[in-house]
Amino acid sequence: MGLPIPSEYKQGRVQSGRVVLQIVALYPRDVLRSHTPHRSPTPGLFLGLIITLAAVVACSGYITWQISGLRELQNNLVVRNRKDSLQLLRIQNDLNTLALAMRDMLDNNEPYPLTAWTAQFQRIRSDLDDALRKEEQVAVADRTPEQSQYLGNSIAQFWDALDRTLALAANGKPDEARTQIQLSLQARQAALSTAVARLLVQNNESEEQAALRIGQIYDRVQRQVYLFLTLTLVAILLTGLYSIRSNRRLFAQLAALSAQRSELAQKLISTQESTLRHISRELHDEFGQILTAVGAMLSRAGNQVPEGSRLRADLREVAEIAQATLDKVRSLSQALHPVMLDESGLESTLDWYLPVVERQAGIHLSYEKSGTAFPVDGDAAIHVYRVLQEGLNNVTRHSGAKEAWVRLRFLPKHLELQVEDHGIGFTVQARKQGIGLVAMRERAELLGGSLEFAQPAEGGTLIRLTIPRENMGEKQDSHGG
C-alpha cells in the first residue's frame with residue numbers, strides 16, 4: 001500500500017477503490033509564530049539625531065553670543081579706551097606746554113613782554129579744545145558725569161584766569177600778572193595735569209579689567225566647547241549603542257525567521273515527498289490492481305462471446321482502453337515518485353529516467369558517471385533525484401538549449417551532481433522568484449550539502465550539488481523534525 005503520510009499532515013480513507021486525502025495542517029506544530037509587534041528603532045534614532053542637532057544649535061548659538069559680546073567689548077571698551085588715552089596724552093602734552101610757557105613768562109631774563117605769549121596760548125588753546133572735543137566722543141562709558149564735567153570746567157576756568165592775567169599785562173601791570181600766574185594759573189595747570197593723569201590711570205585699569213573679562217569669556221567658551229564635545233560624543237555613543245542593540249535584535253529576529261522559514265520549507269518538502277510517495281503507491285497498487293482486474297475480466301468476458309461477434313470486438317476495445325489507462329497510471333505513478341528509487345537506488349533510477357526525459361523533452365542528454373560508486377538510497381536518493389529533475393525542467397522550459405550534460409561523480413568524501421547547459425542562463429529575476437530554485441537549496445540543506453549556480457565559459461548555467469558521503473546512506477527524517 002506504500003508509505004503512510006504523517007498523521008499531523010493528513011487524514012485519509014479509502015472508499016470503493018478511491019483514495020480520499022485531506023490535508024489538515026499546512027504548518028508544522030513546532031514552528032513559532034510571534035504575534036508581538038516589534039518596535040522599530042527609527043523613532044529612537046530620530047530622537048538621538050534631534051538631540052544631537054539641538055545640542056549643536058544650542059552650543060553654536062551660545063558661542064556666537066559670546067563672540068558677539070567679546071567683539072562688542074573690544075570695540076566699545078578696549079579700542080575706545082586706547083583712543084581716549086591718546087587724546088588724554090595729547091591734553092597732557094598741551095598742559096605741559098602751558099606749564100613751560102608760564103615758566104618762561106615768570107623768568108625775567110626774557111626781554112619780551114607778557115603779551116608776547118598770547119599767540120602761543122591761542123595755538124595751545126585751539127589744540128586743547130580739539131583734543132577735549134575728541135576725548136568726549138571716545139570717552140569710556142563707565143566714566144561718571146562729574147568726571148567728564150570737571151575736566152571741561154577746569155580748563156574753561158583756566159582760560160578765563162589766563163585771559164584776566166593777559167589783560168593785566170596789557171594794562172601795564174606785569175607784576176600783578178606774574179603774581180596771578182604764580183598763585184592761580186600754575187596751581188590750576190597742576191590740578192589739570194593731575195586730573196588728566198588720574199584719567200589715564202583709570203583708563204589703564206579699565207583696559208586691565210577688559211583684558212580680564214576677555215580672558216574669562218575665552219575660558220567660558222573653551223569650557224562650553226569641551227562640554228559640547230563631551231555631550232556630542234555621549235549622544236553619538238548612546239545613539240550608536242542603541243543602533244547596535246537594535247540591529248542585533250533585528251538580525252536575531254531575521255535569523256529566527258530564516259530558521260523558521262527553512263524549517264517550514266523542509267517540512268513542506270518532506271510532506272510533499274511523503275504525499276507523492278503515498279499517492280504513487282496508491283496509484284501503482286490500488287488503481288493498478290483494479291485496472292488489471294478490469295482487463296482480466298474483459299478478456300474472460302470476450303472469450304465467452306462467439307467469435308466474430310460485435311460485442312467481442314467492443315470488449316476487446318474496452319480491454320485495450322483499460323490497458324492504456326493502466327500504462328498511463330503507472331507512468332504517472334513513476335513521475336510522482338519512482339518506485340525504482342526505493343527498490344534499486346539512485347544509479348538505476350537515473351539510467352531509466354534520463355532516456356525518458358530525452359525522449360519526452362526532445363533534447364540530447366550526455367550522461368557521465370565517474371568514481372567508485374557507493375550506495376545512495378533512502379531520502380538522500382529522493383532529494384538528489386528531485387534536484388536533477390528540477391534542473392532538467394529548467395533546461396527544457398527556460399534555457400532554450402537542445403543539449404545538456406549530466407555528471408554524477410562519486411568522490412572519496414562527497415557525491416557531486418552537475419547539470420550543465422549552454423542556453424540563455426538564469427536571470428536575476430528568475431533567481432529571486434523561482435520556487436523550484438528555493439526547493440533545490442532546501443533539499444541540499446536537508447542533506448547537509450551545498451548547491452551552487454555558475455556560468456560556464458560557453459554561457460548558460462551550471463548547477464552543482466555537493467553532498468557529504470557520510471549522509472548518503474543515512475535515513476533522513478521524512479517529517480522534518
Quick one: side-chain hydrogen bond (donor to acceptor under 3.5 Å, both in side chains) partners of [X], sequence neighbours excluded?
X	value
H422	E420
E347	K369
E442	R261, S262
Q323	D327

Measure across [X] and [Y] and return the closest heavy-atom pair with its distance rounded to 0.1 Å.
X	Y	answer
A322	V294	CB-CG1, 4.3 Å
V395	A404	CG1-CB, 4.0 Å
G449	P468	CA-CD, 4.0 Å
N393	T396	O-OG1, 3.0 Å
D421	P456	O-CG, 4.3 Å

Scan for salt bridge (Lys or Arg N to Asp or Glu O under 4.0 Å) pairs involving residues 444-464, sequence neighbours excluded, and state none if there are none.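 Passing the test, one end in residues 444-464: E452-R464.
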
Can you list every pair that meets ring-ring contact (aromatic ring centres under 6.0 Å, His included) and has a residue in residues 348-375, with sequence neighbours left out?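 Qualifying pairs, neighbours excluded: Y353-Y385, F374-F410.
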
Distance-only polar pair, side chains of Q389 and R386, donor-acceptor under 3.5 Å: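 Present: a donor and an acceptor within the cut-off.
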
Presence of salt bridge, D219 and R223, under 4.0 angstrom: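 D219 and R223: not salt-bridged.
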
Please tell me if the side chains of [X] and [Y] come closer than 4.5 Å, counting only heavy atoms from C-beta onward.
X	Y	result
E403	S366	yes
L437	M440	yes
L250	Q253	yes
L447	R443	no
E390	N394	yes
L415	L408	yes
L354	L392	yes
L388	V384	no

Step-by-step side-chain contact (heavy atoms from CB on, under 4.5 Å) determination, F453 to I463: CA-CA 5 Å; F453 297 91; I463 301 175; 3.9 Å; yes

Output the distance between atom [atom1] ([X]) and atom [atom2] ([Y]), rounded to the nearest 0.5 Å.
X	Y	atom1	atom2	answer
D84	L89	CG	CG	9.5 Å
L199	Q92	CG	CD	10.0 Å
R90	L88	CZ	CG	11.5 Å
L86	L200	CG	CG	9.5 Å
Q418	E368	CD	CD	9.0 Å
E136	Q87	CD	CD	11.0 Å

side-chain contact (heavy atoms from CB on, under 4.5 Å) for L237 and L241? Distances and angles first, verdict last. CA-CA 6 Å; L237 178 62; L241 292 176; 4.1 Å; yes

Does a sphere of radius 6.0 Å around CD in Q289 hold more than 12 heavy atoms from other residues, nucleotides or ligands, not counting ones at 6.0 Å or beyond?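 Yes.
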
L365 backbone acceptor or donor facing E358 side chain under 3.5 Å: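 Side chain of E358 to backbone of L365: a pair is present.
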
